[in-house]
Amino acid sequence: MTAPDEICRLDVWLWRARLSPTRTEAARIIEKGRVRLTRAGQQARMSKAGYRVRPGDVVTLMRGERLVEARIVAFGTRRGPPAEAAGLYEDLSRPPPEGADG
């Protein structure tokens, strides 16, 4: 059985990790099927904002023009400053091509 502090709602995690500007926006992109989750090698398109994520899950979504792939390492207890939010995940995204803006 997973302890309550070892799971978190997907929309809450996206907001705390600063991968979404608001929790409402996080829920909207999830419900539109724009977020994929990989767990134990199985990838699925998410459609429920309340889906429970765990450390080790990999979340994939578009953020502006950039494809973001992030492995969840922690949940945090609040939406903190960017440096704190960056500690909630391991960025697995490919670097932008040379000469690309951004």
Problem - All side-chain hydrogen bond (donor to acceptor under 3.5 Å, both in side chains) counterparts of E69, not counting sequence neighbours - result: none
Handout entry: Separation between CG of L88 and CZ of R71, rounded to the nearest 0.5 Å
Key = 15.0 Å
Handout entry: Side-chain donor or acceptor of R36 paired with backbone N/O of T60 under 3.5 Å
Key = no
Exercise for the section: Run the salt-bridge test on D91 and R63 with the 4.0 Å N-O cut-off and return the result as yes or no. Expected result: no
Fill in the blank from the handout: Smallest heavy-atom separation, A26 atom then S20 atom, equals N-OG, 3.1 Å
Problem - Single-linkage hydrophobic cluster V68~V12, side-chain heavy atoms < 4.5 angstrom - result: no
Exercise for the section: State, with a plain yes or no, whether a side-chain heavy atom of Y89 is found less than 4.5 Å away from one of L19. Expected result: yes
Completion exercise
Interatomic distance, CZ@R16 vs CZ@R78, rounded to 0.5 Å, equals 11.0 Å
Problem - Flag if over 12 foreign heavy atoms under 6.0 Å of CD, Q42 - result: no
Practice task
Look up atom CG in L37 and atom OH in Y51, then write down how far apart they are to the nearest 0.5 Å.
Solution key: 6.0 Å
Practice task
Kindly write out the residues that satisfy side-chain contact (heavy atoms from CB on, under 4.5 Å) with P82, not counting sequence neighbours, or none if the list is empty.
Solution key: R18
Completion exercise
CH2 (W13) and CG (D57) are apart, to the nearest 0.5 Å, by 9.5 Å
Handout entry: Polar side-chain atom of R34 near backbone of M62 as donor-acceptor pair, under 3.5 Å
Key = no
Practice task
Can you measure from CD1 (I72) to CG (L14) and round to the nearest 0.5 angstrom?
Solution key: 7.5 Å
Handout entry: Non-neighbouring partners of E65 that pass side-chain contact (heavy atoms from CB on, under 4.5 Å), sequence neighbours left out
Key = none
Practice task
Show which residues join L92 in its hydrophobic cluster (side-chain heavy-atom contacts under 4.5 Å, direct or indirect), or state none.
Solution key: V58
Problem - hydrophobic_cluster_shared for I29 and V53, side chain cutoff 4.5 Å - result: yes
Handout entry: For E31, all residues meeting side-chain contact (heavy atoms from CB on, under 4.5 Å), sequence neighbours excluded
Key = A27, A49
Handout entry: Which residues share a side-chain hydrogen bond (donor to acceptor under 3.5 Å, both in side chains) with S47, sequence neighbours left out
Key = none
